[in-house]
Asks: 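Okay, here's the structure, questions in a sec.
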Amino acid sequence: MTSLRAPGIPPKGLASLAVLLLFLLGAASGEKPPRKDDAARARSAARSFLVPVDAGLYAETWEDAASYTQSIVPKAAWENGIRIIRSPLGEVRGRALRKSDYTRSLAGAPVGEYVVVQFDTRFEKRQGTAAETIVTMRQSDGAWKVSGYFIK
């Protein structure tokens with residue numbers, strides 16, 4: 001078995017060199033790493049979205065949805081979709097953040113910046129907890145807005 005080594009660079013240095021090259025390639029392609037406050041701002045947008053949802057004001061949430069979502073989902077369809085998944089569950093009895101994940105791509109969505117926020121939520125008419133998922137998308141002005149809402 002042969003080992004590939006760059007002359008004059010110790011093996012531990014190769015890993016650092018590889019990380020540096022990946023960073024430089026990312027910088028050259030125009031990709032920027034997420035800012036430290038992105039996840040917190042996205043979680044805040046998700047929580048703000050849930051206030052009118054919890055109050056049954058589903059139509060109001062479309063007004064604050066991501067511009068991409070507004071361009072492909074009519075307001076009536078958005079409102080009806082949320083009503084179908086939320087109304088049968090009743091009131092929220094408790095909600096705890098499970099996780100939030102930053103990504104640049106999601107299946108079926110354009111390349112962009114997303115934070116997928118997931119809560120463990122207890123509802124009045126459902127036993128146990130449900131996985132309540134809110135997909136947030138960074139807008140051109142830097143704001144995070146909701147582009148999807150799912151419950152499992």
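Nothing fancy with the numbering, it's 1 onward along the sequence. Quick note: numbers below take in every heavy atom, side chains included, and nothing from hydrogens, waters or symmetry partners.
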Asks: Determine yes or no for a side-chain-to-main-chain donor-acceptor pair under 3.5 angstrom, with Arg86 supplying the side chain and Ile151 the backbone.
Replies: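 Such a contact is absent between Arg86 side chain and Ile151 backbone.
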Asks: Within a radius of less than 6.0 Å around NZ of Lys75, do more than 12 heavy atoms belonging to other residues, nucleotides or ligands occur?
Replies: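 Count over threshold, so yes.
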Asks: Ignoring hydrogens, what is the shortest heavy-atom contact between Tyr58 and Ser87? Give both atom names and the distance.
Replies: OH-OG, 3.5 Å
Asks: Would you say Thr133 and Lys152 make side-chain contact, with heavy atoms under 4.5 Å?
Replies: no
Asks: Quick check: is Ile72 connected to Val146 through a chain of hydrophobic side chains (ILVMFWY, heavy atoms under 4.5 Å apart)?
Replies: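 Hydrophobic grouping puts Val146 with Ile72.
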Asks: Quick check: closest heavy atoms across Ser147 and Met137, and the distance to 0.1 Å?
Replies: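 Distance-wise, the nearest heavy atoms are OG-CB, 3.9 Å.
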Asks: Could you point out which residue of Thr121, Leu89, Asp120, Ile85 forms a side-chain contact (heavy atoms from CB on, under 4.5 Å) with Glu132?
Replies: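 Of the listed residues Thr121, Leu89, Asp120, Ile85, the side-chain contact (heavy atoms from CB on, under 4.5 Å) partner of Glu132 is Thr121.
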Asks: Given side chains that start at C-beta, do those of Ser67 and Gln139 come closer than 4.5 Å, heavy atoms only?
Replies: yes
Asks: Contact between Leu50 and Val92 at the side-chain level, heavy atoms closer than 4.5 Å - yes or no?
Replies: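 Result no, sub-4.5 Å side-chain heavy-atom pair not found.
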Asks: Is there a donor-acceptor pair closer than 3.5 Å between any side-chain N or O of Ser44 and the backbone N or O of Ala40?
Replies: no
Asks: Check whether Arg93 reaches the backbone of Arg122 with its side chain - one donor and one acceptor, N or O, closer than 3.5 Å.
Replies: no
Asks: Does Ser71 reach the main-chain N or O of Tyr68 with its side chain, forming a donor-acceptor pair under 3.5 Å?
Replies: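 A pair under 3.5 Å: yes.
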Asks: Taking a hydrophobic cluster as the set of Ile, Leu, Val, Met, Phe, Trp and Tyr residues connected by side-chain heavy atoms closer than 4.5 Å, whether directly or through intermediates, do Ile134 and Val51 fall within one such cluster?
Replies: no
Asks: In the structure I gave you, are the side-chain heavy atoms of Thr69 and Trp62 within less than 4.5 Å of one another anywhere?
Replies: no
Asks: How close do Glu60 and Pro52 get, heavy atom to heavy atom, and via which atoms?
Replies: OE1-CB, 4.3 Å
Asks: How about Gln127: does its CD atom have over 12 heavy atoms from other parts shown lying under 6.0 Å from it?
Replies: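 Counting other residues, nucleotides and ligands, CD of Gln127 stays at 12 neighbours or fewer.
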Asks: Tell me the closest heavy-atom pair linking Ala42 and Thr136, and the distance in Å.
Replies: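 Nearest pair, atom of Ala42 first, then Thr136: CB-OG1, 3.3 Å.
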Asks: Just grab all the ring pair (Phe, Tyr, Trp, His ring centres under 6.0 Å) pairs involving residues 111-149, residues at least two apart or on different chains.
Replies: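 Pairs touching residues 111-149 that pass the test: Phe49-Tyr149.
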Asks: Considering non-hydrogen atoms only, spot the tightest contact between Pro88 and Arg83 and give its length.
Replies: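 For Pro88 versus Arg83, the nearest heavy atoms are CD-O, 3.8 Å.
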Asks: I'd like to check Arg47 versus Leu97 (side-chain heavy atoms, cut-off strictly below 4.5 Å). Are they in contact?
Replies: yes
Asks: Just how far is it from atom CD of Glu113 to atom CG of Asp38, taken to the nearest 0.5 Å?
Replies: 6.5 Å
Asks: Would you say the side chain of Ile82 lies within less than 4.5 Å of the side chain of Thr61, judging by non-hydrogen atoms?
Replies: yes
